[in-house]
Protein chains: 2
Amino acid sequence: MGDGAVRSVRADARRNIEKLVQSAADVFRERGLNAPLEAIAQRAGVSTGTIYHRFGSREALIDAVVPDYAEDQLDEAAAGAEACADPWDGFALYVERVCELQASNLALNDVISRNHPGTAKLAEVCRRSQEQARRIAERAQADGALRADFAVEDLLFVFWSNAMLIRFTAETAPDAWRRSLAFTLDGLRTGAAHELPTAALTPAQVEQVMAGRGRAAI
Amino acid sequence: MGDGAVRSVRADARRNIEKLVQSAADVFRERGLNAPLEAIAQRAGVSTGTIYHRFGSREALIDAVVPDYAEDQLDEAAAGAEACADPWDGFALYVERVCELQASNLALNDVISRNHPGTAKLAEVCRRSQEQARRIAERAQADGALRADFAVEDLLFVFWSNAMLIRFTAETAPDAWRRSLAFTLDGLRTGAAHELPTAALTPAQVEQVMAGRGRAAI
DNA sequence: GGTAAAGTTGAGGCTGACGTCAAGTTGAGA
DNA sequence: TCTCAACTTGACGTCAGCCTCAACTTTACC
């Protein structure tokens with residue numbers, strides 16, 4: 001009795017849903033958003049058919065499991081950055097924190113590098129997060145520390161690179177990305193700037209790139 | 001008549017081999033070293049069985065088609081760099097030229113980012129090429145232009161990033177990599193340097209990363 | 001406790017790739 | 001021109017993942 005909203009879901013079914021949500025979170029964290037559903041089902045002690053019955057698709061499962069968590073983590077990173085007194089430190093901290101998220105959670109790695117076709121809620125999380133990033137970057141630019149020709153869209157390059165680096169080195173040299181990121185940040189300071197050869201991606205181009213990516217996982 | 005080495009290969013067979021070599025070069029260039037062999041066979045007007053009969057494996061086909069070309073192009077890039085009067089300009093030119101190779105030829109993209117398990121000749125080409133890169137980098141470091149804490153192994157980060165960026169943006173924004181590379185190079189100048197958090201990958205780690213990469217194509 | 005509705009299962013079909021092999025085709029020397 | 005070794009073929013078996021559905025099991029309500 002009680003909440004009518006889920007009255008129609010039987011107790012055993014609800015237990016399975018909860019187990020699936022939990023194991024999906026675990027498996028996505030460990031193996032990324034392209035992990036085989038088989039692995040998730042198995043960890044939940046259930047067959048893959050159940051996943052399809054309960055959620056309908058991988059995308060829906062992702063949307064049920066990942067966005068809230070992702071949003072929390074990204075918000076926290078942004079809040080930490082905005083709390084920094086020094087605008088450059090805030091920007092650097094933000095980028096580093098986001099990269100840390102990528103390293104610690106392959107699901108977030110896929111979220112942050114936009115490696116997730118067709119998941120509505122996640123797309124929204126990314127959009128919001130990009131606005132936070134824009135504020136953080138603009139503050140650092142207004143302060144003169146972040147080079148003026150940097151565009152938020154360029155952050156995508158950073159996060160893509162980081163995503164890939166993490167995938168490659170997670171087992172062998174799990175801190176390698178920090179070195180790469182340090183080089184990158186050094187190139188983003190105003191003092192380091194030399195003329196750029198090309199304009200930043202437009203938001204439309206970013207969309208197009210995402211759309212065209214298809215199966216080409218990082 | 002003529003070369004006894006291939007006396008035993010029938011004329012039609014030799015024609016097929018030549019057609020396969022040509023179409024493999026084309027397809028690898030357009031689609032990378034993981035292109036379906038089916039595509040290569042089809043363009044040569046032949047069935048995939050023929051590829052296996054003639055070459056035995058994808059790796060052997062790659063080794064027959066790619067290394068010489070790759071070596072030529074990489075040597076040329078290195079020569080251009082060493083001919084530069086200014087050591088930094090030479091270094092920057094080298095990196096840019098290599099990235100251009102990646103952009104113009106997805107086979108080279110895979111070679112340069114070491115995306116090719118089990119191909120002996122290519123591995124040797126990479127090794128040689130890395131020695132050239134080391135010389136070019138060391139000259140720029142001796143001149144004080146390239147930051148002293150940069151290691152040749154770090155170039156791999158650059159080429160990996162570039163490989164991925166090219167795959168993602170080839171159709172939408174084929175020059176995007178130039179912008180990303182410009183940021184990167186700005187971070188490699190001595191003037192931009194801040195302390196790095198981690199040591200460079202050791203050659204052994206590089207090996208390990210390559211070995212562990214397995215199917216995880218860029 | 002009986003039963004219908006809800007839930008779960010796992011085999012099976014699909015896809016797109018790889019690599020193999022028995023059978024058919026063809027070139028070149030006699 | 002004939003013949004057979006050399007060559008090519010394409011159907012086949014495999015693999016790994018996705019998704020579906022008819023048959024089976026369990027729950028919860030009466």
Side-chain angles (χ1 to χ4, degrees), chain A residues 1-21 23-24 27-28 30-64 110 115-119 214-217, chain B residues 1-21 23-24 27-28 30-64 110 115-119 214-217:
Chain A
M1 281 155 239
D3 55 351
V6 278
R7 160 132 29 93
S8 62
V9 178
R10 247 163 54 177
D12 59 335
R14 195 166 333 161
R15 267 197 305 279
N16 277 339
I17 291 173
E18 274 157 22
K19 272 193 285 184
L20 275 172
V21 164
S23 69
V27 172
F28 284 147
E30 292 164 14
R31 306 183 52 176
L33 298 182
N34 294 310
L37 297 184
E38 170 65 28
I40 294 171
Q42 192 176 318
R43 188 175 306 204
V46 129
S47 96
T48 62
T50 306
I51 296 182
Y52 285 98
H53 179 58
R54 301 277 88 187
F55 296 91
S57 68
R58 164 184 237 100
E59 282 66 41
L61 177 60
I62 292 175
D63 259 358
D110 287 337
N115 200 10
H116 46 72
T119 52
R215 293 271 75 198
Chain B
M1 281 154 231
D3 51 353
V6 278
R7 161 134 26 95
S8 61
V9 177
R10 242 163 59 177
D12 60 334
R14 194 165 335 159
R15 266 196 306 280
N16 278 339
I17 291 173
E18 274 157 22
K19 270 194 284 185
L20 275 173
V21 165
S23 69
V27 172
F28 284 147
E30 291 164 15
R31 307 182 53 176
L33 298 182
N34 294 310
L37 297 185
E38 171 65 27
I40 294 171
Q42 192 176 317
R43 188 175 305 204
V46 129
S47 97
T48 63
T50 307
I51 296 182
Y52 285 99
H53 179 60
R54 302 276 88 193
F55 296 92
S57 69
R58 173 189 295 276
E59 282 66 41
L61 178 60
I62 292 175
D63 259 357
D110 287 338
N115 200 10
H116 46 72
T119 51
R215 293 271 74 198

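Just so it is clear, the model here is predicted, and its values are computed rather than measured. Chain A is the first sequence line, chain B the second, and so forth, proteins listed ahead of strands; every chain is numbered from 1.
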Atom pairs, N/O to N/O, protein against nucleotides 10-17 of chain D, distance under 3.5 Å?
from: D/dG10; atom 1: N7; to: B/Ser47; atom 2: OG; distance (Å): 3.1

Extract from the structure each pairing of a protein N or O with an N or O of nucleotides 22-26 of chain C at less than 3.5 Å, listing the distance.
from: C/dT26; atom 1: O2; to: B/Arg10; atom 2: NH1; distance (Å): 3.1
from: C/dT26; atom 1: O2; to: B/Arg10; atom 2: NH2; distance (Å): 3.3

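What separates CZ of B/Arg54 from P of D/dT9 is a distance of 11 Å, to the nearest Å. Summarising the geometry, the separation between CD1 on B/Ile17 and P on D/dC7 is reported as 8 Å, rounded to the nearest angstrom. Rounded to an integer number of Å, the gap from NE2 of A/His53 to C1' of C/dA11 is 18 Å. In this structure, the CZ atom of A/Arg15 is 12 Å from the P atom of D/dT26, given to the nearest Å.
Not a single salt bridge (charged side-chain N to carboxylate O under 4.0 Å, His left out) links A/Glu18 to another residue, sequence neighbours left out. Remark: A/Ser57 pairs with A/Glu59, A/Ala60 by the side chain to side chain contact (heavy atoms under 4.5 Å, CB included) rule, at least two apart or across chains. Residues that satisfy the side chain to side chain contact (heavy atoms under 4.5 Å, CB included) test with B/Arg15, not counting sequence neighbours, are B/Ala11, B/Asp12. Listed by chain and number, the residues in a side chain to side chain contact (heavy atoms under 4.5 Å, CB included) with B/Thr48 are B/Glu38, B/Ala41 (sequence neighbours excluded). The side chain to side chain contact (heavy atoms under 4.5 Å, CB included) check on B/Asp63 picks up B/Pro67, B/Thr119, B/Ala120, B/Lys121, B/Leu122, with sequence neighbours excluded. B/Glu30 pairs by the side-chain hydrogen bond (donor to acceptor under 3.5 Å, both in side chains) definition with B/Arg43, not counting sequence neighbours.
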Notebook entry, point to check: What pattern of brackets, bars and dots sums up DNA chain D from 5' to 3', given Watson-Crick or G-U wobble pairs under 3.5 Å, [ ] for crossing pairs and | for another strand?
Noted result: ||||||||||||||||||||||||||||||
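Taking side-chain N and O atoms only, B/Tyr52 has no distance below 4.0 Å to OP1 or OP2 of C/dT20. Within the structure, a side-chain polar atom (N or O) of B/Asn16 is placed less than 4.0 Å from OP1 or OP2 of D/dT8.
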Next item on the list: Using the side chain to side chain contact (heavy atoms under 4.5 Å, CB included) rule, take B/Ile62 and B/Asp110 through it: C-alpha gap first, then chi angles, then the decisive distance, then the call.
Entry: CA-CA 11 Å; B/Ile62 292 175; B/Asp110 287 338; over 6 Å; no
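Residues B/Ala35 and B/Arg58 approach most closely at O-NH1, 2.8 Å, considering heavy atoms. The shortest heavy-atom contact between B/Tyr52 and B/Leu37 is OH-CD1, 3.1 Å.
Distance check, rounded to the nearest 0.5 Å: CD1 of A/Ile40 to OG1 of A/Thr50 gives 12.5 Å.
Using a 4.0 Å heavy-atom distance criterion, B/Gly45 is classed as a sugar-phosphate-only contact.
For residues 44-56 of chain B, no pair satisfies salt bridge (charged side-chain N to carboxylate O under 4.0 Å, His left out), with sequence neighbours left out.
Taking for each of A/Val46 and B/Glu38 the nucleotide of DNA chain C with the nearest heavy atom, the 5'-most of the two is the partner of A/Val46.
For B/Ala13, the side-chain atoms get nearest to D/dC7 when compared with the rest of C/dG27, D/dC7, D/dT20.
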